[in-house]
Asks: 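Sharing a structure with you now.
Counting convention: from 1, in listed order, for ligands and their atoms alike. Computed from a predicted model, the values in this text were never measured in an experiment.
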Amino acid sequence: MQQHIDAIRESCLQELEKASTAAAVEAVRVSFLGRKGPVQVLMKDLRDVPAEQRPQVGKEINALRDLLESRCDEVLERLRSAEAQHQIAGESIDVSLPGRRRYRGCQHIVTKMMDDIIDVLVAMGFSIQDGPEIETDYYNFEALNFPKDHPARDMQDTFYVAPDVLLRTHTSNVQVRVMETTKPPIRIIAPGRCYRNEAVSARHHVFFHQVEAIYIDKNVSFSQLLSTLDEFLQHIFGRDVVTRYRPSYFPFVEPGMEVDIRCSLCHGKGCTMCKGSGWLEVLGAGMVHPDVLRNGGIDPEVYSGFAWGLGVERFANLKYYINDLRLYWDNDIRFLKQFQSV
Ligand code: DAH
């Protein structure tokens, strides 16, 4: 009997040594200590052992069972902690892995366009002048030579706050304000938001941004206006930009003109962006009207000046090939994100 007990112990311990997983340990436990296993068989055989030896042999069988149980537990415990160790090791930080790129946010493309325009003009010698967005009819229209019945004064185009108070329709409102407070030479730009009572569409919005420029001094000439514009537009759209000047009418300048650049998409051949013309209109400009100078307290016999007004969204449209104004203000992150590296 004793030999039998020893043999079972040895064989079970050997099996346990081989077990490399928790499942294998459980299998050993079941095969040795389970209902049909050799230890149970020993228990049954105990009945046939002579009565005087039975207590002693019974003890030995119990000891065998306890030993094997505790060995199984030990091995199981050891395997489990090794497995846990292994998992932790597997989760450890791999410093050679490339990092995950995070979206850092960026300037809104209209703000960026505005800043680029301002930077170029400041470098050319203009300083920045602020003006009110809520404006009187006088500075927005009257002082700028708009006749009383001019269609722009109509309720259709202008948001009125009170009979003579409105949301400025252009940054030209700053012109006479700055003349009133500054002695020539005046060399300022007025960037800012403007408003018009328009149905919102791909081409129109109820608000937009302009940068007004005005230069007044003795002997300011039309050719200076042209060369200043050429220089400015080359900085914004590239050295190879081609400009075209067309006569046009604005009540506050004489002569007035519209300025086009050659279409950057088709290089003048004609495409959908330039509607087949090969040219893109970029701004309005002209020589400040003598009446406007007078309204600002400046003598047109002594001084002359030029001015222009440009649309910032229009510039961004042309530079980044954007064909719908609504995109700027929808705040769709997929649109805004595209300008991270601009
Ligand atoms: N204020 C005009 C507009 O909003 C643009 C403009 C045209 C401004 C000619 C000027 C100018 O200063 O000389 O359409």
Asks: Consider only side-chain N and O atoms of Tyr139 and Asn295, and report whether a donor and an acceptor are under 3.5 Å apart.
Replies: no
Asks: Please confirm whether the ring centroid of Phe252 lies under 6.0 Å from the ring centroid of His170.
Replies: yes
Asks: Got a sec, which residues hit side-chain hydrogen bond (donor to acceptor under 3.5 Å, both in side chains) with Tyr321, two or more places apart in sequence or on another chain?
Replies: Ser264
Asks: Quick one: ring pair (Phe, Tyr, Trp, His ring centres under 6.0 Å) partners of His150, sequence neighbours excluded?
Replies: Phe146
Asks: By the salt bridge (Lys or Arg N to Asp or Glu O under 4.0 Å) test, which pairs, at least two apart or in different chains, include something from residues 285-296?
Replies: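 Every pair satisfying salt bridge (Lys or Arg N to Asp or Glu O under 4.0 Å) with a residue in residues 285-296: Asp291-Arg294.
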Asks: Answer with yes or no whether the side chains of Asn173 and Glu135 bring together a donor and an acceptor at under 3.5 Å.
Replies: yes
Asks: Sort out the contact shell of ligand 1: every protein residue with a heavy-atom distance below 4.0 Å, listed by chain and number.
Replies: His170, Ser172, Gln175, Arg196, Gln210, Glu212, Phe250, Phe252, Val253, Gly284, Ala285, Gly286, Ala307, Trp308, Gly309
